[in-house]
Each structure stands twice: as structure tokens, then as C-alpha cells.
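Take a look at the structure set out below.
Letters A, B, ... are given to chains in the order of the sequence lines, protein chains preceding strands, and every chain is numbered from 1. Computation of the quantities below employed the complete heavy-atom set of this structure, encompassing side-chain atoms and omitting hydrogens, waters and symmetry-equivalent molecules.
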2 protein chains.
Amino acid sequence: MAHPQIKQATLRDIADEVGVSYQTVWRVVNDHPNVAKATRSRVQRAVEELDYRPHRAAQMLTTGRSYILQLVIFEYGHSDRLPAILHWGREYGYSIIVTELEVPPTAASVRSVLRETSQMIDGLLFLMPYPHLNYDDLSDLCQGRPFVVVNTKLGSKMPSVVFDQWNGARSAVSHLIDLGHREIAEISGPLDHFDGAMRHRAWEVFLGNNGLEPSLTAAGDFSVCSGYLCAGQILAQKRPFTALFVGNDTMALGALRALHEAGLRIPQDVSVVGFDDIPIAAYFDPPLTTMRQDFEALGRESIEYLVSRIGNLDVPIQQRVLYPELVIRKSTQQNPV
Amino acid sequence: MAHPQIKQATLRDIADEVGVSYQTVWRVVNDHPNVAKATRSRVQRAVEELDYRPHRAAQMLTTGRSYILQLVIFEYGHSDRLPAILHWGREYGYSIIVTELEVPPTAASVRSVLRETSQMIDGLLFLMPYPHLNYDDLSDLCQGRPFVVVNTKLGSKMPSVVFDQWNGARSAVSHLIDLGHREIAEISGPLDHFDGAMRHRAWEVFLGNNGLEPSLTAAGDFSVCSGYLCAGQILAQKRPFTALFVGNDTMALGALRALHEAGLRIPQDVSVVGFDDIPIAAYFDPPLTTMRQDFEALGRESIEYLVSRIGNLDVPIQQRVLYPELVIRKSTQQNPV
DNA sequence: CTCTGCATTGTGAACCATCACATCGAATCA
DNA sequence: TGATTCGATGTGATGGTTCACAATGCAGAG
């Protein structure tokens, strides 16, 4: 009825059962040579029968390895990146402790989390697209524990896995230019956010490179609400534009709403491109042209890299780069002019 | 440069530093009486200086407590429930290992996760709105470790925390009836999902109670895509309806799109009510009338209940119920008839 | 028939915090 | 003053796994 408090079998239990020493059992469990075949199979049967599994705490105490990773999240729209990280963590044999911290990241907040967990984790993953903490800060905070940063600055010297926001944004803007648009407005993400800033800068530069004026812009915070408000600000300037590049899909949803309310048709009056390709983007009104990011690959690469650094401290510090991909739907069309 | 592999101070290190026994240090750290004031403060200074913290693995080995919980997720739209759970876990001093499993839940899949983690966690939280595993199954799988189920069936005998979907759905439907609607269609969630089924059943019953015909319905799977398709199915029946109750906001988004494409105006031609009040619901076209669920409270209650069960196995098995709340926006209006 | 070599098995100590118990000295009471 | 109590501190063993090393037994070489 109540909690039976089931007692886990230990090495000694198995040893007593079979009539050998715990060391012999240990050798069988850990696939060491020098155990007689007959002994080995007897031990294996007992292990099976008593459902022996090495006690993680004891293992942790002697080896210093816990097979637990910690994921520290600072992102708003993190939820799309999470499943792949969890999945690949398991795939590599690690459990993942997830911690969410307030934006912006501070050394103090990270320190206070790590005080509680640092002793029981093998490595850290920071989902932290912000410039507030650099490599030295993190190295210091992690006290020698391996870490990998997901979504940091393209070109950063940290051990990291990132999407190439620069070329991603370029693809988005090029798509609009190729369609003949000359007045391309922008709703950027927050400029203290690496992705937001990089996408904004790319918009600015590629417009300039094409002899266009990168001036009609407003900065949001990636929320649907800010997308709505920024679109309002842009419309309030009463300057003509036939295309709008939005820093992420969520803001694009807010922007679509504001444009509709202003009586503008998408894409006939304004072509809109988003960024991320969140699952619902294909169901916006109209379905959104956007930049897809392969979060599955992001999770896999992040875990793989972190685990390899845990296994061997000499794995070089590098940045692994993934590339976004343009997905054309119904929110963009040829400029009728 | 490389990993300095910083050595954590132990009880003995502090003891040697101060010139007392490890036991005395232990007493100071654990706030036990019977330590001379002078000794206590000398020890405290050394603890401070060497940044001593009890080694979690060793603590775990002797006490059997890890201060780690495991959250097992089976939900599609789990992302809105997660932050509050993580937050309140920390608040109560627990780290949380998050694991995502495929729907539907099976004993085998849960067992395989617990094989890896069960030895190092103090309790489990199942986010599992499915009937596949009952109390006995879970008790068996958890082997006496305390657990709490989030989002299970209203009225279930499991230790659980749930929203009252029945009264929530009744509020939504009543709102439509109060507005004078007589033909109320429905897009339900999956019927093997507790929330989906309960909301559907409530729609059915309350329409019947009001002398209305609960026949125009289609079942989706909570995805935006299914919302779009189900709306199409309903429209294809060419039967009149002036209101639509949708099983969650995400499907409502898909449905809005389908209704728009069919040339129907919201709310002039059709009033729409969703469920969940996800953050973007206020930015749909039009802003969605929906049922809000307080996920913050859900997280707090779940953690509080689980932690109390960990502390005292005699805490009674109960179901804690939270109530959704109607949020009226622009997608519903008086039936013009 | 002894000695070396090797496969097989076992012993002891370490990791670090915890808990039960032992010791010591000083203060209290009869 | 001797017995008792109590506060302050220390010792020893425990938990389960891991690792270095010791011990045993048997084979083949000399």
C-alpha cells in the first residue's frame, strides 16, 4: 500500500548470492577480463535476477562522474530548442538538469545556480545568446568543468554551436530583393541579443550593398506583442514600404495583425519574411515565408561536442556552425511595381 | 588556460585548517548545538574562506537524499507548463532532471528512463494527461519513490494536480450560449487525452442540457495543422453554425485560418472560443476569447505537493484542483439572430 | 620436482558525509 | 569531597563503488 522502499541490490549482495568476492562481481559488471567463464555466467545470472545496477551516488563519489549535464537557459523562445537537447542527451547516456535564469545573464545568478549543482554535474550547456558573460567569466564560474555555449555570437572564441545568423538574414533579405522590393522595412529583435543584433546588422549591410536605404526599422524583444507595436511604429512613419523583414516568427505574427488592422494585404501590399520557422508559422494568415533552423541538429551537435569535451579535456575549443534555410510560403511575392 | 580541475574542500580540510575534528566542523555546518562559540566562529570563517560545501554525492550516499527531482513529459504543448515547474523546484531547493518521452506513455518507456535515473532522484513529476498508466502502474515503476501526476483525469485517485477542465469547458460553452448562439460547433482535442476528452464531453453535455444538438464536431490532435483540417471538415458538412468551441488555442489558430479562407468573418459570422490562453492568443486575428489556466499555480502546487510527500510519506494521496478562467477578447460576440 | 608465468580471485584502502557512541573536563549538587 | 550532570570535542564504523595490490592455484619450462 504505502511506499515499500525497495532495497537496491549491491555488489556485495550479488557476491554473497553467488559465493564470490565483490571484486569478482565488479569485474563481471564492468566487463573486465580474467574472470573464468563459469563464474562470469553465474554472476551474470544473479545480476539479472536481483536487478543489480551500480549505485549512482557511490559511483559518483569514487569516479567523480555523474552522467548528469546541466542546461542553463536564458532564452525567451527556448522551447523549440529544448526537446532535441534532451533527446540527444539521453542518447549519449546523460540526464539533463534544466535551469532557467532571468535575462540578462549575470555572474551572480549563474554562480548561485552552480552552487547548488556544480558538484553533481559533468558539464554545462548554456543557451545564452547574450554578450554579458564571456569565455573567462564562464570558465571561472564553471571551475574547470567543461561547457558549451549554444547560440552565442558567430565568430566567438567560446566552445559553442551556433546558427549562421548572418547568412541566414542575408538569404531572407536577398529573397526580398530578388523579388524586386526596394523599400524593405525591418522589425529587429533586441539588439543586445546576438541573433537579434546579427540579423539586424545583416539587413542593414545587405540593403546598403544593394544601394537601398536601411532606415525604416524598429526594435522589438521577440515577443508577439512587440511585433505588433513595432509594426505600428513603422506604419506611423507613413513612409512607403513593400516588404518587411521580421527578426523572428513570433513578432511576425504580431506584425501581420497590425498590418491587417491597417488595411494592408499580405503579400499584395507588403511581403513579409520571418525567422525561425516555428511550427505554427505555416498557419499564419498568410502562411509565413521564413528561415528554418534545424534545432534537431543544434541539439545533437551541442551534446556531442560537450560530451566529447568531457571525455577528453584536450578536445579543441571551436565553434560549430549550422546554416538556416529559406522556406518560401505565401507571405512574399514579386513586387508589382 | 586549460581546465584547472579545482579541488573542492572537504570536512577534513576545514578541520585541519582550524585544528579541530571533522565532527566539530560537521556540527557547525549543520547547525548543531554543543559547539563553543569561539570554535564555531573559527570554523565558520574557514568554511567561508575555503568555500566548503558538502559533497553532494557523499551526502546522497549516506542520507539517500539527492535533492533532485525528475520531470517526465509526455505533452505536446508542454512548454508553457515547464518554466513554473523549474522555478518552483529551485525555490524548494531541488534541481530538476527533465525527460521527454513519446506519446503514448508505456510502462516500458518509463521503465527504461527510470533505470538510468531512479537511483539518484528523490521524487517524480509526470506531466501525463493520458489514461495509459494508472496508479498501480506508476507505483510499481517508481518503486516506492514519491510521485505526483500533473494534468491527469479530474477525479483520479492518483496524487495529482489538475485543472478543472469540466467547469472550464462549461464556462466557455456557457459564454457562447449566453451570447445567444444555438448552433455551436466544436473542434475537440484528441479523445484519448484527458483534457481533450473532458472538454469535449463538457461541450456535449452542456449543449444537451440546453436543448442544443451536439453533433457538429471533429477531433484534432491539438496541433495547429489539425485545427485547420478539422475546421475544413466541419465547413464541408455545409451545416449552419454561428459559434465554434476549440479544444485549445493552437488549433484555434488553424481554425481561424480555415474560416478566413472560407470567407467567414470572426466574430460577425462565427464566434470562436479557445482554451489555454497561450501568450500569443491575444494577437490572433481577431484576439482570441479563451480559457486561461494559471500555469504558475500549477507548477507551485505540483512541486509543493511532491516535496511534502518526499518529506513525509504519510501525506495523504489527494487531487489538487485549479480552476480555469474565462478571458473575453474579440473573437466572440452576440449572435445577431 | 622446483620455479616461473599467468589466469583467477580476494583484501584493503579510498572517496566524503553521517551517525552512534566515547571521552574529557568543568560545573553542580548532596 | 565524591558522585552526577552536561557541555564540548573526538573516534569509529557505515554506505557502495573503485583501484592498487596481494594471494591462490595450476600449467608448462627447466
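- A heavy-atom distance below 4.5 Å is found between the side chains of Leu82(A) and Leu71(A).
- Looking only at side-chain heavy atoms (C-beta outward), Leu306(A) and Ile310(A) come within less than 4.5 Å of each other.
- Partners of Asn30(B) by side chain to side chain contact (heavy atoms under 4.5 Å, CB included), not counting sequence neighbours, listed by chain and number: Trp26(B), His32(B).
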| said: side-chain contact (heavy atoms from CB on, under 4.5 Å), that's the test. Do Ile303(B) and Ile85(B) meet it? Break it down for me. | reply: CA-CA 7 Å; Ile303(B) 294 287; Ile85(B) 292 175; 4.1 Å; yes

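- Taken residue by residue, residues 47-66 of chain A places heavy atoms nearer than 4.0 Å to DNA chain C at Leu61(A), Thr62(A).
- The span of DNA chain D lying next to chain A, judged by atoms under 4.0 Å from heavy atoms, is bounded 5' to 3' by dG16(D) to dA20(D).
- For Arg45(A), the CZ atom is loosely surrounded, since the number of other residues' heavy atoms within 6.0 Å does not exceed 12.
- With sequence neighbours excluded, the residues forming a salt bridge (Lys or Arg N to Asp or Glu O under 4.0 Å) with Glu116(B) are Arg90(A), listed by chain and number.
- Counting only heavy atoms from C-beta outward, the side chains of Met60(B) and Met120(B) approach each other to under 4.5 Å.
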Donor-acceptor pairs under 3.5 angstrom involving side-chain atoms of residues 146-158 of chain B: please list them, not counting sequence neighbours.
residue	atom	partner	partner atom	Å
Asn151(B)	ND2	Asp195(B)	OD2	2.8
Ser156(B)	OG	Met158(B)	N	3.0

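- Here Thr24(B) pairs with Val20(B), Ser21(B), Val35(B), Thr39(B) under the side chain to side chain contact (heavy atoms under 4.5 Å, CB included) rule; sequence neighbours left out.
- Qualifying side chain to side chain contact (heavy atoms under 4.5 Å, CB included) partners for Tyr22(B), counting only residues two or more places apart in sequence or in other chains: Leu11(B), Arg12(B), Ala15(B).
- The closest side-chain heavy-atom distance from Asp13(B) to Tyr52(B) is not below 4.5 Å.
- Residues in residues 85-112 of chain B take part in these ring-ring contact (aromatic ring centres under 6.0 Å, His included) pairs, two or more places apart or across chains: Tyr67(B)-Tyr94(B).
- Shown here are the salt bridge (Lys or Arg N to Asp or Glu O under 4.0 Å) partners of Asp51(B), two or more places apart in sequence or in another chain: Arg115(A), Arg53(B).
- For the segment residues 17-43 of chain A, the set of residues with a heavy atom within less than 4.0 Å of an atom of DNA chain C comprises Val20(A), Ser21(A), Tyr22(A), Gln23(A), Thr24(A), Arg27(A), Asn34(A), Val35(A), Ala36(A), Thr39(A), in numerical order.
- Along DNA chain C, read 5' to 3', the first and last nucleotides having any atom under 4.0 Å from a heavy atom of chain B are dC16(C) to dA20(C).
- The terminal axes of the helix from dC1(C)-dG30(D) to dA30(C)-dT1(D), fitted over 5 pairs per end, subtend an angle of 60° to the nearest 10°.
- Taking 4.5 Å as the limit, some side-chain heavy atom of Met128(B) sits within range of a side-chain heavy atom of Leu138(B).
- Using modelled atom types and a 3.5 Å distance limit, the side chains of Gln318(A) and Arg320(A) yield a donor-acceptor pair.
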